[in-house]
Structure formats: structure tokens, C-alpha cells
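Only this structure's heavy atoms are used, side chains among them; waters, hydrogens and symmetry mates stay out.
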Amino acid sequence: MVPTPHGRELGGGSSVRLHRGGGRGGITEVFHVPYAVWRLNCSVSSTIRPPQAAHFRMALVEFESGTIIEGADLHYPPGGIVKNVERGGKDFYLIVSVDEVDAYRITLETLPEYFSAPLG
């Protein structure tokens with residue numbers, strides 16, 4: 001999957017979406033990010049009782065090296081977390097693990113000024 005800007009404004013920037021919603025985790029397809037600076041915007045929802053049973057974990061992995069670039073660990077959803085990434089022009093994939101999570105969404109976002117100078 002090669003993300004391309006789809007023009008929706010989220011948090012002041014345009015976004016590309018990588019959606020693996022639902023309450024299941026897994027490994028995404030490999031995707032390419034051509035922007036020098038971007039972010040992972042993760043939102044999580046859960047209605048489980050007791051709330052401490054809900055747990056969302058995510059790791060951004062550089063495909064070529066297998067290096068974990070960024071990670072997130074969110075207890076007690078609902079909520080969200082934003083991770084800024086200053087590494088682009090590479091292929092990545094996400095590993096997601098959830099316990100007692102109803103749904104989650106991971107959106108890749110960047111600002112318009114990075115559209116004019118993609119890294120490749």
C-alpha cells in the first residue's frame with residue numbers, strides 16, 4: 001500500500017489513512033511514507049468494564065532493517081495518542097496488539113508543506 005494524500009484535513013494537516021479498525025490486532029501491509037516529517041494519530045475506544053482491562057499497543061517498524069522506530073502503549077481507553085516521526089522516504093509496517101478494545105483507528109498525517117518535497 002502506497003499512501004497518497006487524500007485531501008482530508010485532520011488537525012491542521014492533510015492525511016493518508018491506514019485503517020485496521022475493529023477490536024483485533026495484527027500486522028499491516030508494508031506502506032511507503034515519502035514525507036520527512038509525519039505523525040501517527042491513534043484513537044482507541046473501549047466500553048469494557050473494568051476499564052483497566054483495555055490495552056492498546058502499537059509499534060512502527062522500518063521494513064528494510066526491522067528496527068522499531070516508534071511505539072505506543074495506551075491503557076484505559078478510550079483515548080488517543082499522537083507520535084511524531086522524523087524519518088521518511090522509507091517503507092514501514094505496523095504491529096498492533098489489543099486487549100478488550102472495541103475499535104481503533106491509526107491515521108498517518110503530515111502538513112501540506114511536505115507535499116511539495118517528497119523524499120521518494
Side-chain angles (χ1 to χ4, degrees):
M1 177 168 88
V2 178
T4 56
H6 74 46
R8 181 167 177 201
E9 293 294 313
L10 293 176
S14 296
S15 69
V16 288
R17 204 169 282 226
L18 176 67
H19 181 71
R20 175 81 168 95
R24 296 181 16 217
I27 299 173
T28 66
E29 297 176 8
V30 173
F31 57 92
H32 185 79
V33 178
Y35 309 114
V37 177
W38 52 288
R39 68 184 187 181
L40 293 156
N41 189 342
C42 309
S43 61
V44 182
S45 65
S46 179
T47 56
I48 191 73
R49 295 286 180 234
Q52 60 267 29
H55 193 188
F56 170 85
R57 295 165 302 279
M58 180 271 308
L60 172 68
V61 182
E62 184 181 297
F63 178 69
E64 185 176 327
S65 68
T67 303
I68 296 175
I69 305 303
E70 194 61 72
D73 190 355
L74 183 62
H75 294 270
Y76 304 105
I81 192 164
V82 174
K83 293 291 190 168
N84 294 317
V85 181
E86 294 187 22
R87 184 179 296 203
K90 297 183 178 285
D91 293 330
F92 301 93
Y93 63 92
L94 294 170
I95 302 171
V96 177
S97 175
V98 296
D99 295 311
E100 304 298 338
V101 167
D102 295 329
Y104 61 89
R105 177 171 297 206
I106 301 170
T107 306
L108 308 180
E109 301 173 343
T110 194
L111 297 172
E113 58 258 29
Y114 294 106
F115 291 158
S116 61
L119 299 175

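In plain terms, the two heavy atoms of R57 and S97 that are nearest each other are NH2-OG, 2.6 Å. Across all their heavy atoms, M58 and L60 have their closest contact at SD-N, 3.9 Å. Contact record, L94 with L40: CD2-CD2, 4.3 Å, taken as the closest heavy-atom pair. A59 and I68 get closest at one heavy-atom pair: CB-CG2, 4.2 Å. The shortest non-hydrogen separation linking E70 to N84 is OE1-O, 3.6 Å.
Relative ring orientation between Y104 and F56 is described as tilted, the plane-to-plane angle lying within the 30° to 60° band.
Remark: side-chain polar atoms of D91 are not paired, donor with acceptor, to backbone N or O of V30 under 3.5 angstrom. The backbone N or O of K90 sits less than 3.5 Å from a side-chain atom of H32, completing a donor-acceptor pair.
A 6.0 Å sphere centred on CD of E86 holds no more than 12 heavy atoms belonging to other residues, nucleotides or ligands.
Shown here are the side-chain contact (heavy atoms from CB on, under 4.5 Å) partners of I81, two or more places apart in sequence or in another chain: C42, A72, K83. Applying the salt bridge (Lys or Arg N to Asp or Glu O under 4.0 Å) test to E62 and every residue at least two apart in sequence or in another chain returns R87. Considering only residues two or more places apart in sequence or on other chains, Y93 meets the ring-ring contact (aromatic ring centres under 6.0 Å, His included) condition with none of them.
Hydrophobic cluster membership is shared by F63 and I95, with clusters built from Ile, Leu, Val, Met, Phe, Trp and Tyr side chains linked at under 4.5 angstrom. At a threshold of 4.5 Å between side-chain heavy atoms, the hydrophobic network of Ile, Leu, Val, Met, Phe, Trp and Tyr places V101 and V82 in two separate groups.
Taking CZ from R105 and OG from S45, the interatomic distance works out to 10.0 Å, rounded to the nearest 0.5 Å. Distance OG1/T110 to CZ/R39: 9.5 Å, rounded to 0.5 Å. Here CG of L108 is found 8.0 Å from CD1 of I106. Values are rounded to the nearest 0.5 Å.
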